[in-house]
Amino acid sequence: MKKSLLFLSSLLLFFCLLIFPARTFFYACEGVNLWFHTILPSLLPFLILTSLLLETGAARRIPARAEVFFQTVFGLSPAGFYALFLGLFCGFPMGARITAQLYEAEEIDRNEACYLLTFCSSPSPAFLSSYVILTAFSGQIHPGFVFGVLYGSNFLTGFLFRLVFRRFRLHRHTAHRTHSVEKKEMSKQTSKGNLLDTSIMNGFEIITQLGGYIILFSILSGLLMDLHPFGSASPLLCGVLEITTGIAQLAASSLPYAGKVSAVLTCAAFGGLSVAAQTNCMIHNSGLPLWPYLAGKLCCAAFAGTLGLFLFAFLF
């Protein structure tokens, strides 16, 4: 089923490239610009540095003193909170990437990894400030409202799935490696080459894969808006496909202003199928399933849309 869907999607896109060469070239260029000017400089340094932190064991030691707090409030180990914090701070899809790395390194178990995938990825504060608030709404909506609704929805999603994964009576994670094992692994890594060089190459490999997804989904969402096969529902479908194009189209749509706010917040919380594909790319080799991420994003989008609509009517 999955292979058939991929085949049909690829075939459709191939014919679009043949029928609309100028438009597909234009939207591919937009995807490249988005990747090169925004994603690469903002995400690549974090990919390199987080890889270094995880390989050197520093990631585990950073929040270790507050272990009781993390377990009580979030149901997470210190390493799990590290993934949550960087996922919220760095934006899509860093949370999923770090979660997969921690799971592969046996810093967290499978239950915690799946739990984290439901709410560790969200739009970065920089994206919300520059694109959602300033570009989509021309600075006419209060930043506190946008941040409060989106991050509030994210944590509500986390608490909901805390019940699903039963993250309450936690004990100290026993899969942490001992000092001798760490030393052995570090020696093994160093013998293969310089640790920094390896982290840089891994970072470029991942960022290149993300660029491919961004370009393909930029073409799809652009053609969707050009052809308007679904009429007034096309902006909503753009939001389902790709977050940046979707937000721009929803903000420029004919919806009432309260409806625009709710729709944009829903789109930002969900992230789009483009981000879902990027997330799958991040976690595929770890063996973690994609369904916790998708379930979490759907719940978060529902929370954000509902909270945005009611709070906007109440506050403004």
Side-chain angles (χ1 to χ4, degrees), residues 1-2 5-6 9 39 43 46-47 50 54 74-77 79-105 107-124 127-128 150-167 206-207 209-210 212-214 216-217 220-221 239-244 246-247 265-305:
M1 179 65 182
K2 187 184 292 186
L5 183 61
L6 182 61
S9 301
I39 303 300
L43 202 58
F46 286 105
L47 287 170
T50 53
L54 289 169
F74 298 102
L76 294 171
S77 65
F81 183 78
Y82 170 80
L84 173 63
F85 175 77
L86 283 185
L88 297 180
F89 182 76
C90 303
F92 297 122
M94 277 301 297
R97 166 66 178 171
I98 298 169
T99 298
Q101 286 181 308
L102 290 170
Y103 175 64
E104 289 179 303
E107 301 289 346
I108 58 176
D109 58 26
R110 188 178 180 85
N111 178 270
E112 183 172 7
C114 291
Y115 168 57
L116 269 169
L117 286 176
T118 63
F119 74 114
C120 71
S121 293
S122 67
S124 69
F127 176 82
L128 295 178
L150 285 175
Y151 289 122
S153 299
N154 208 55
F155 287 117
L156 282 174
T157 301
F159 287 125
L160 174 64
F161 281 94
R162 190 175 182 183
L163 298 172
V164 175
F165 289 99
R166 300 180 180 182
R167 302 290 303 176
I206 293 165
I207 208 73
Q209 288 176 321
L210 296 184
Y213 285 110
I214 290 168
L216 289 176
F217 278 92
L220 286 173
S221 58
V240 172
L241 276 177
E242 208 275 322
I243 183 172
T244 52
I247 287 174
L265 292 176
T266 301
C267 178
F270 178 61
L273 294 179
S274 175
V275 173
Q278 295 169 38
T279 300
N280 188 53
C281 172
M282 296 295 99
I283 67 174
H284 178 71
N285 290 333
S286 68
L288 292 172
L290 185 63
W291 73 261
Y293 170 83
L294 292 175
K297 289 296 100 184
L298 288 172
C299 288
C300 189
F303 280 134

J.: If we only count heavy atoms from C-beta on, is the Arg110 to Leu288 side-chain gap below 4.5 Å?
T.: yes
J.: Show the nearest heavy-atom pair for residues Ile247 and Cys267, with the distance to one decimal.
T.: CG1-SG, 3.8 Å
J.: Please report the interatomic distance CZ(Phe165) to CG(Leu116), rounded to the nearest 0.5 Å.
T.: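 The CZ atom of Phe165 sits 10.0 Å away from the CG atom of Leu116.
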J.: In terms of ring plane angle, is the pair Phe85 and Phe81 parallel, tilted or perpendicular, where the classes change at 30° and 60°?
T.: parallel
J.: Report the residue from Pro292, Cys120, Ser121 that forms a side chain to side chain contact (heavy atoms under 4.5 Å, CB included) with Thr99.
T.: Cys120
J.: Report yes if the side chains of Leu290 and His284 come closer than 4.5 Å at any heavy-atom pair, otherwise no.
T.: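 No. Closest side-chain heavy atoms not under 4.5 Å.
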J.: Quick check for you: to the nearest 0.5 Å, what is the distance between Trp291 atom CH2 and Thr118 atom OG1?
T.: 8.5 Å
J.: Please find the pair of heavy atoms, one from Pro289 and one from Ile283, that lie closest to each other, and give the distance.
T.: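 That would be O-CD1, 3.5 Å.
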J.: Taking all non-hydrogen atoms of both residues into account, name the closest pair between Ala277 and Phe217 and its distance.
T.: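 Taking every non-hydrogen atom into account, CB-CE1, 4.0 Å.
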J.: Does Arg97 reach the side chain of Gln101, with side-chain heavy atoms less than 4.5 Å apart?
T.: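 A side-chain contact exists here, since the closest heavy-atom pair is under 4.5 Å.
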J.: Below 4.5 Å, heavy atoms only, C-beta onward: do Tyr115 and Val164 meet side chain to side chain?
T.: no
J.: Evaluate side chain to side chain contact (heavy atoms under 4.5 Å, CB included) for Phe119 paired with Leu84, printing each intermediate quantity in order.
T.: CA-CA 8 Å; Phe119 74 114; Leu84 173 63; 3.7 Å; yes
J.: To the closest 0.5 Å, what do you measure between CG (Leu128) and OG (Ser122)?
T.: 7.5 Å
J.: Minimum heavy-atom separation for Leu294 and Ala276, please, with both atom names.
T.: CD2-CB, 3.9 Å
J.: Taking all non-hydrogen atoms of both residues, which atom of Ala83 and which atom of Leu102 are closest, and how far apart?
T.: CB-CD1, 3.8 Å
J.: Using 30° and 60° as the class limits, which term best fits the ring planes of Phe74 and Phe155: parallel, tilted or perpendicular?
T.: tilted
J.: In Å and rounded to the nearest 0.5 Å, what is the CG to CD1 distance from Leu86 to Ile98?
T.: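 If I round to the nearest 0.5 Å, the distance is 4.0 Å.
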J.: Can you find a pair of side-chain heavy atoms, one from Phe127 and one from Ile243, that are under 4.5 Å apart?
T.: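 Yes, at least one pair of side-chain atoms sits under 4.5 Å.
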J.: Are Phe92 and Lys297 side-chain neighbours, meaning at least one heavy-atom pair lies under 4.5 Å?
T.: yes
J.: Going from CD on Glu242 to CG on Leu220, what distance comes out if it is rounded to the nearest 0.5 angstrom?
T.: 10.0 Å
J.: Work out which heavy atom in Ala268 is nearest to a heavy atom in Leu150; give both atom names and the distance.
T.: CB-CD1, 4.1 Å
J.: For a 4.5 angstrom cut-off between non-hydrogen side-chain atoms, does Phe89 reach Ser124?
T.: no
J.: Kindly compute the distance separating CG (Asn154) from CZ (Phe303), expressed to the nearest 0.5 Å.
T.: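 CZ of Phe303 is found 10.5 Å from CG of Asn154.
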J.: Side-chain contact test, heavy atoms from C-beta onward, threshold under 4.5 Å: evaluate it for Val275 versus Thr279 and give yes or no.
T.: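 Touching, per the 4.5 Å side-chain cut-off.
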J.: Please lay out, stage by stage, how Cys281 and Tyr213 fare under the test side chain to side chain contact (heavy atoms under 4.5 Å, CB included).
T.: CA-CA 9 Å; Cys281 172; Tyr213 285 110; 3.7 Å; yes
J.: Do any N or O atoms from the side chain of Ser286 and from the backbone of Ala100 form a donor-acceptor pair under 3.5 angstrom?
T.: no
